[in-house]
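None of these values were measured; they are calculated from a predicted model.
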Amino acid sequence: MRKFFKLSLAAAILLPLASCNDDSNKNSYTTGVAISAYNLVTAVDDASVKPAVGLSGYNVTLKHEDQKNSVQIKSGNVVLPDGGSISFTTKPMAVNVSTVAVDDENRALIKFTSENPSESGAEVSQLNGMITQSGYYPGSAEVKGYDLLFPSSTKHYSILDYVLNEKWRVRTFWRDVTFMGSTITTGSKMPGPYTNNKFRYRIYMKTTNGALTGKADVIFYNAKFAEKVPEMTIVIRDLDVKFSNSGYTVSGTDIIPDMVSDGGELTPTPPFIFNNFTFTVVGDLTQATASYEVAGKYNGQFQGSSIVK
């Protein structure tokens, strides 16, 4: 269940981060955090243009002054589909500050929007964003070789959706992200559909020198396909990652999964072969759907998100 708490910027953000207090105004605070992100850049008016994907950094400055909260964003180089790259700095933008309950833990959520926040560099418009710690974490099972990767030292994610120079739409995402929602499993030998709301899907994109390779592994936590089937942790590896104007898709066919033991070891398990698997992420790249077939026996359908908003 989601619970929302209104609070000051200092309580939600400034305390966890390095911050400074303006001695002339004890109610004024400023703090900054650097957040890595991958940009999916698509053409606003030409669907035939191939998207560009590249790693960038966003320097986020948050300020509380005179009872007002604001955020200012400075980008690193954003690689464009035409081969160029540009950067920008926004004006300070008003923010809505709260915390949300994620796995019984309160985490910061800062939302902001601006139609034209440009200050310098490329023109920025139609910006909708979140700086948040409210991403889902994987399940508690240990899986060797898959350390949890955060985009910032403070476990904040930057979820941005904006337009550059009226030509390019930019959406940010991270390469290690966990989705949670509702999974419904059906099968010819099942008495009826089985619903699992504990199921978590971790998308772990592979990289070389920071660049995405076009491959990803998917880790299933709390996997349970039917009432009488035991709960499992499963890894399927080397799936294809394809980017489009809509978002991205992770998919594969005839994949032999690895079952994860209590000690985190992975064991190939051919009897549970995934005949097909498709995981699609769209919108602001926090919303996902999935469908798959396991061993010609179970059909899974998933819908969920990677953060609590």
*asked:* Quick check: do Leu285 and Ile159 have side-chain heavy atoms less than 4.5 Å from each other?
replied: no

*Which heavy-atom pair separates Ser152 from Val33 by the least distance, and what is that distance?*
CB-CG2, 4.2 Å

_Membership question, hydrophobic clusters at under 4.5 Å side-chain separation (ILVMFWY): are Val218 and Ile184 in the same one?_
no

*Partner residues of Ser48 under the side chain to side chain donor-acceptor pair (under 3.5 Å) criterion, sequence neighbours left out*: Asp46

*asked:* Parallel, tilted or perpendicular, judged at 30° and 60°: which one describes the rings of Tyr292 and Phe225?
replied: perpendicular

*Does any N or O in the side chain of Gln301 come within less than 3.5 Å of the main-chain N or O of Ser291, such that one atom is a donor and the other an acceptor?*
no

*asked:* Please list all pairs meeting salt bridge (charged side-chain N to carboxylate O under 4.0 Å, His left out) that have one or both residues in residues 79-93, counting only residues at least two apart or in different chains.
replied: none

*Who passes side-chain contact (heavy atoms from CB on, under 4.5 Å) against Thr113, sequence neighbours left out?*
Asn128

*Take atom CD in Glu123; do more than 12 heavy atoms of anything else shown fall under 6.0 Å from it?*
yes

*Can you find a heavy atom in the side chain of Tyr136 that is under 4.5 Å from one in the side chain of Phe179?*
no

*Any pair with a residue in residues 172-187 that passes salt bridge (charged side-chain N to carboxylate O under 4.0 Å, His left out), sequence neighbours left out, goes on the list, sorted by first then second residue, please.*
Asp176-Arg202

*Give the ring-plane orientation class for Tyr162 versus Tyr58, where under 30° counts as parallel, over 60° as perpendicular and anything between as tilted.*
perpendicular

*asked:* When you measure from the side chain of Ser87 to the backbone of Gly76, do you find a donor-acceptor pair of N or O atoms at a distance under 3.5 Å?
replied: no

*Indicate yes or no: at least one non-hydrogen side-chain atom of Tyr248 is less than 4.5 angstrom from one of Val53.*
no

*Apply side chain to side chain donor-acceptor pair (under 3.5 Å) to Thr178 and list each qualifying residue two or more places apart in sequence or on a separate chain.*
none

_Please enumerate all residues that pass side-chain contact (heavy atoms from CB on, under 4.5 Å) together with Glu105, with sequence neighbours excluded._
Arg107

*If you look at every heavy atom in Leu40 and Ser244, which pair is closest and at what distance?*
CD2-O, 3.8 Å

*Sorted by first residue and then second, give each salt bridge (charged side-chain N to carboxylate O under 4.0 Å, His left out) pair with at least one member in residues 217-232; sequence neighbours left out.*
Lys198-Glu231, Lys206-Asp217

*Just wondering, do Ile255 and Thr253 contact through their side chains at under 4.5 Å, heavy atoms?*
no

*Taking side chain to side chain donor-acceptor pair (under 3.5 Å) as the test, write out the residues that go with Lys215, two or more places apart.*
Asp240

*For Pro151, what residues pass the side-chain contact (heavy atoms from CB on, under 4.5 Å) criterion, not counting sequence neighbours?*
Ile35, Tyr157, Trp174

_Do Ile234 and Asp258 make a side-chain contact, defined as non-hydrogen atoms from C-beta onward lying under 4.5 Å apart?_
no

*Any donor-acceptor N or O pair under 3.5 Å, side chains Thr249, Ser251*: no

*Sequence neighbours left out, what passes side chain to side chain donor-acceptor pair (under 3.5 Å) with Ser153? Give chain and number order.*
none

*Look at the side chain of Thr207 and the backbone N and O of Ala211, then say whether any donor-acceptor pair between them is shorter than 3.5 Å.*
no

Under 3.5 Å, side-chain donor or acceptor atoms of residues 268-284 against the rest of the protein: list the pairs with distances, not counting sequence neighbours.
residue : atom : partner : partner atom : Å
Thr269  : OG1  : Thr267  : O            : 3.0
Asn275  : OD1  : Ala295  : N            : 3.1
Asn275  : OD1  : Gly296  : N            : 2.7
Asn276  : OD1  : Glu293  : N            : 3.3
Asp284  : OD1  : Thr286  : N            : 3.1
Asp284  : OD1  : Thr286  : OG1          : 2.6
Asp284  : OD2  : Thr286  : OG1          : 3.4
Asp284  : OD2  : Lys309  : NZ           : 2.8

_Partners passing side-chain contact (heavy atoms from CB on, under 4.5 Å) against Glu265 (at least two apart in sequence or in another chain)_ = Lys144, Ser261

*Arg237 side chain vs Ala216 backbone, donor-acceptor pair below 3.5 Å*: no

